[in-house]
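The structure under discussion appears below in the form of structure tokens.
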Protein chains: 2
Amino acid sequence: MDADYHADPTPEAARDAVRDAAGRAVSLDGVCELAYDGRAASTLAPGRRHVLLKPDGALLAHAATGHQPVNWLAPGATHEIAVEDDELVLRGERDGETLVCRFLAVDLVALFPLDDADSEVSGTEEDLRERVLADPDLVEEGFRPLATERDTAAGAIDVYGKDASGTAVAVELKRRRVGPSAVGQLDRYVDALRRDLHADAEVRGILVAPSVTDRARRLLTENGHDFVPLSP
Amino acid sequence: MDADYHADPTPEAARDAVRDAAGRAVSLDGVCELAYDGRAASTLAPGRRHVLLKPDGALLAHAATGHQPVNWLAPGATHEIAVEDDELVLRGERDGETLVCRFLAVDLVALFPLDDADSEVSGTEEDLRERVLADPDLVEEGFRPLATERDTAAGAIDVYGKDASGTAVAVELKRRRVGPSAVGQLDRYVDALRRDLHADAEVRGILVAPSVTDRARRLLTENGHDFVPLSP
DNA sequence: AAATATATATCGCTA
DNA sequence: TAGCGATGTATATTT
């Protein structure tokens with residue numbers, strides 16, 4: 001179906017247009033107040049917003065700044081559009097969460113088809129893993145990968161293997177500079193691996209990332225783990 | 001300034017409209033291909049997209065599904081709009097990242113003002129902290145809060161205090177159900193606090209959250225920490 | 001600018 | 001469905 005636009009519609013005309021979406025996305029420009037309730041709660045006084053309703057139910061209300069919508073509902077939400085007190089009201093609901101957009105004025109209603117996207121991204125953690133598996137010496141001279149996603153009681157180890165002297169090694173990969181939480185993650189895996197193997201088994205932990213923060217570096221040292229600088 | 005719309009514009013008319021934005025946001029509906037390069041890299045074949053350019057430089061390209069844009073640039077990006085080979089091309093750049101939107105067809109260009117939003121959200125972690133400070137017995141009978149955001153070598157403890165018997169307590173607050181990472185966080189704080197006080201000081205850790213996963217519960221037990229169920 | 005943690009995070013995968 | 005971790009996470013706060 002084709003695109004369709006209504007400038008300065010009456011509330012009733014806007015309502016009818018939205019009801020006519022038929023699988024298309026809808027954008028609403030105008031002055032509206034917003035009320036969200038669900039995981040948290042918030043209200044926003046009337047102001048000019050850009051509201052996007054996608055065919056999968058996702059509802060995004062954007063203000064002047066920022067990447068994030070100021071209010072939203074996740075995909076899968078269901079919606080009702082109505083005129084109340086001569087104002088266009090869009091109500092969305094999903095999983096106990098609600099978002100109400102009450103328009104004091106509508107400047108434009110646009111209906112337009114949107115296509116699915118299958119974007120392939122490169123430079124991810126998976127790319128880093130492939131790099132390490134293709135050339136394990138990048139981690140350490142003599143490192144031999146034995147498994148990826150090796151399961152432990154604490155979760156899956158990115159790359160499990162043995163070093164040149166045969167000691168078990170847990171490798172945690174990060175595609176960007178890391179802070180303390182990544183060290184905690186590696187620490188949990190190393191602990192779990194020690195238990196899984198046997199009580200006094202020697203297990204090393206190696207964090208592979210482009211760089212680490214000072215605090216993360218200190219935690220690595222305290223816990224006896226190694227750091228290898230490497231980018232995806 | 002007022003809103004302004006151009007349906008099925010020529011590439012030149014679309015370009016001139018975007019250049020006329022003058023502090024307004026711009027939305028572009030049409031068929032475009034996308035190319036991102038920066039922290040990672042991705043390309044997306046031509047398809048129907050909804051592109052939103054905000055006055056702060058944020059650029060969002062939406063496909064049919066999902067809360068997230070399929071490609072974007074962060075606020076602060078700078079942009080150029082041009083016609084190349086009879087196609088409208090929007091190039092954005094910020095901090096070494098680039099996003100190019102090449103339109104094979106433009107259905108609508110809309111220019112409209114957007115207002116800033118100052119949304120007050122309730123039900124956050126801060127609300128949970130206020131609740132705990134107003135009634136410390138919610139954490140534990142006899143718990144006395146002594147500081148919030150108490151600094152340690154591992155970071156700031158949400159609530160620091162002492163229990164009924166005078167033992168130091170680190171309280172970590174989470175507004176929703178928590179997994180292993182929150183336990184790791186609490187663990188780091190307790191370790192750091194033990195060092196900060198003195199080598200053999202007794203320090204307890206208490207995780208306050210609506211609920212915990214099984215694995216997180218196990219990690220809490222292993223590390224000798226307590227869990228208190230409490231919602232914001 | 002760097003570091004750290006929160007978020008109505010979202011998203012994808014796996015058991 | 002729930003749990004778990006990655007994400008081009010974004011965002012706010014503090015140093």
Between [options], which nucleotide gets closest to the side-chain atoms of [X]?
X	options	value
B/E172	D/dG8, C/dT6, C/dA9	C/dT6
B/A40	D/dG8, C/dT6, D/dC4	D/dG8
B/W72	D/dA10, C/dT8, D/dC4	D/dA10
A/Q185	C/dT4, D/dA6, D/dG8	D/dA6
B/V121	D/dT7, C/dT4, C/dT8	C/dT8

Distance-only donor-acceptor test (3.5 Å): side chain B/N71, base D/dG8: yes
Please state the C1' separation for the pair D/dT7 and C/dT6 - nearest whole angstrom. 16 Å
Expressed in whole Å, how much space separates the P atoms belonging to D/dT11 and C/dC11? 15 Å
Does C/dA9 have its OP1 or OP2 closer than 4.0 Å to a side-chain nitrogen or oxygen of B/R175? yes
With a 3.5 Å distance limit and no angle check, can you tell me whether B/E126 reaches the backbone of B/R129 through a side-chain donor-acceptor pair? no
Go through the structure and list residues passing side chain to side chain donor-acceptor pair (under 3.5 Å) with A/H50, not counting sequence neighbours. A/D29, B/H50
Runs of at least three consecutive Watson-Crick or G-U pairs, both distances under 3.5 Å, are what I'm after; which ones involve DNA chain C? C:1-7 with D:9-15, C:9-15 with D:1-7
What are the atom names and distances for every N/O pair under 3.5 Å that joins the protein to nucleotides 11-13 of chain D?
from: D/dT11; atom 1: OP1; to: A/H67; atom 2: N; distance (Å): 2.8
from: D/dT11; atom 1: OP1; to: A/Q68; atom 2: N; distance (Å): 3.0

Run through B/R49, B/R102, B/E87 and flag the one making a side chain to side chain contact (heavy atoms under 4.5 Å, CB included) with B/E33. B/R102
